[in-house]
Amino acid sequence: MAAESSRQFWKRSAKLPGSIQPVYGAQHPPLDPRLTKNFIKEHSKGNALPLKNKKASSFHEFARNTSDAWDIGDDEDEDFSSSFQTLNSKVAKATAAQVLENHSKLRVKPERAQSALSEMPANCKVIKSSSEAQLSRSPEDACMRNALHKQQSLPLRPIIPLVARISDQNASGAPPMTVREKTRLEKFRQLLSSHNTDLDELRKCSWPGVPREVRPVTWRLLSGYLPANKERRKLTLQRKREEYFGFIEQYYDSRNEEHHQDTYRQIHIDIPRTNPLIPLFQQPLVQEIFERILFIWAIRHPASGYVQGINDLVTPFFVVFLSEHVEEDVENFDVRTLSQDVLRSIEADSFWCMSKLLDGIQDNYTFAQPGIQKKVKALEELVSRIDEQVHNHFRKYEVEYLQFAFRWMNNLLMRELPLRCTIRLWDTYQSEPEGFSHFHLYVCAAFLIKWRKEILDEEDFQGLLMLLQNLPTIHWGNEEIGLLLAEAYRLKYMFADAPNHYRR
C-alpha cells in the first residue's frame with residue numbers, strides 16, 4: 001500500500017525533483033532535462049518510480065509511465081510535507097546528492113561566480129525548475145545555484161508576467177514604445193479611421209505585429225467580424241451582440257437536458273484547466289463566460305461539437321477585448337469591477353471571433369479529426385525535406401510525429417508558448433491568408449527545427465518525448481516570435497508552391 005501511494009504521488013507531483021509531470025502549456029516552468037534524465041537513469045531500477053528497467057520503447061509504454069497530458073490532478077493542493085514522508089528517503093537523498101555532484105562538476109572560477117552573484121537582484125526572484133524549488137535550503141543557497149546555472153549556458157529566467165505587456169514588451173525588457181513603433185501606430189490609426197479600411201493594407205501592416213492600442217478593432221476587422229466600412233461597424237456590433245445573447249436565451253438552459261449532458265460536463269471539466277497559472281482565468285465570472293461561449297458554439301456546430309482544446313482558443317480573444325477596457329496588466333485584473341454592458345460586449349465579441357477562426361479549421365475537430373491527421377502528415381513530410389537528420393533521429397528512436405505534433409495542431413501551439421506570445425503569433429495568423437489552417441504548418445516546422453540541437457542530444461524515446469512536451473519557452477517574447485515567423489515565412493516561400501519539394 002505504501003509503495004502504491006508513493007508511486008501515485010510521484011506521478012502527480014511537480015514539486016519533487018525528477019517528477020514526470022507533463023506540462024500544461026508553456027506557462028509552467030520547464031523541467032530541467034539534464035537533472036530529470038540523470039535521475040531517471042540512476043533510479044529506474046528502484047520502486048519509487050513507476051518506470052520499467054528498460055527504456056520506454058513505444059508511445060503506449062511511455063503513456064502508461066506518465067500521467068495524462070490533459071490531467072492536472074485533483075491532489076495538487078495536498079500538503080507537501082506529509083506526502084513527502086511517504087517517499088523512499090534514499091531516493092530523495094540520492095537525488096540531492098546527484099544535484100550537488102552536478103554543480104560541483106561545473107568548475108566555475110570563483111571570480112566569475114562572484115561576478116554572476118553581483119548581477120542577481122537582492123531578493124533573487126527567478127523562476128526555478130521543479131528540482132531547484134525543492135532542494136534550495138536558504139536564500140543564499142538559491143542565489144548560488146542560480147548563479148551556477150547561469151555559467152552553464154542555461155538562460156537566466158527573470159519573472160516575466162504571463163499576460164502583462166502582451167503587445168510591445170519583449171522578454172529582454174526593451175522600452176515599450178520606440179519611434180518606429182509610434183510611426184506604425186499612427187499608420188494603423190489612419191487606416192482604421194478611413195471611411196473604408198483597406199483590409200489588404202491592414203494585413204500588410206499587421207504581419208509584423210499589431211500595437212496594443214489598436215489590436216481589438218484590428219482583430220475584429222481581420223477576422224471578418226466587422227465590416228471595412230466605418231459607418232456600418234457600430235450597428236454591426238450591436239446586431240451581432242444581440243444575436244449572441246439571443247442564442248443564450250434560446251439554448252443555454254438546454255445544458256441540463258440529457259442529450260447535452262456529455263457536452264456540458266466536458267466543458268465544465270476543461271474550463272478550470274484553461275491557463276491554470278493565470279489568476280484571471282480562475283475567476284468564477286470568467287469561467288461562466290467561457291462556459292456559455294463554448295456551449296453555444298458546440299450546439300450550433302453539431303458536426304464537430306465540443307472537442308478538448310477548443311477552450312484554449314477563446315483565451316487570446318478574451319484577453320485582447322478585455323485589454324480594450326483595462327489600462328493596467330490584465331493578468332490579475334478583477335473583472336467584477338467592469339460594468340455588465342462591457343462584460344457582455346467582451347463575451348459576444350470573443351464568441352464571434354472564435355467562431356470565425358474555427359470556421360476555417362473545423363475539419364480539425366470533426367469525427368476522427370482528419371484535418372489534424374493531414375497536417376501532422378504534412379509536417380512529417382516537410383521536416384524530412386528541410387532537416388533529414390532530425391527526421392531520421394525520430395525514426396531511429398521510434399518517435400511518431402503524431403505523439404507530439406497532435407497537440408501543436410489541436411491547440412495552435414498555445415500549450416507550448418506563453419499567452420503573450422500566442423497573441424503576437426495570432427497577429428500574423430490573422431493577416432496571413434489561411435494563417436490558422438495553412439501557415440501554421442510552417443510555423444510548427446520552424447518551431448521544431450528551432451530545437452534541433454536539443455533533439456539530437458536526446459538518445460532515447462522517453463527523453464525525446466519529455467523534451468518535446470516541456471520545451472523551455474517560458475521566457476519567450478516578441479523577439480523570439482518574430483524570428484520564428486521569419487523562418488516560417490522562408491519555409492512557406494520555398495515549399496508552399498513547390499509540392500514536389502515534399503517528396504523525394
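We use all heavy atoms of the structure for the numbers below, so side chains are in, but hydrogens, waters and symmetry mates are not.
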Who pairs with Y306 by side chain to side chain donor-acceptor pair (under 3.5 Å), at least two apart in sequence or on another chain?
-> D270, N311
Could you check if a side-chain atom of F281 sits within less than 4.5 angstrom of a side-chain atom of F318, using non-hydrogen atoms only?
-> yes
Minimal heavy-atom distance between P216 and V320, with the atoms involved, is CG-O, 3.5 Å
Hey, what's the ring geometry for F436 with W426, parallel, tilted or perpendicular (30° and 60° as the breaks)?
-> perpendicular
Sequence neighbours left out, what pairs pass salt bridge (charged side-chain N to carboxylate O under 4.0 Å, His left out) with at least one residue falling in residues 255-265?
-> D253-R255, D262-R265
Residues H301 and Q362: side-chain donor-acceptor under 3.5 angstrom | no
Mind checking whether F394 and F404 have parallel, tilted or perpendicular rings, split at 30° and 60°?
-> tilted
Donor-acceptor side-chain pairing of E347 and Y244 below 3.5 angstrom | yes
Give a yes or no on whether F247 atom CZ has more than 12 heavy-atom contacts from other residues, nucleotides or ligands under 6.0 Å away.
-> yes
Results of side chain to side chain donor-acceptor pair (under 3.5 Å) for E324 - residues two or more places apart only | R220
The complete set of salt bridge (charged side-chain N to carboxylate O under 4.0 Å, His left out) pairs with one or both residues in residues 440-453, sequence neighbours excluded, reads D387-R452, K453-D457
With sequence neighbours excluded, what pairs up with Q369 under the side chain to side chain donor-acceptor pair (under 3.5 Å) test?
-> N410
Between Y397 and D460, does any side-chain donor sit less than 3.5 Å from a side-chain acceptor?
-> no
Partners passing side chain to side chain donor-acceptor pair (under 3.5 Å) against E432 (at least two apart in sequence or in another chain) | W207, K492
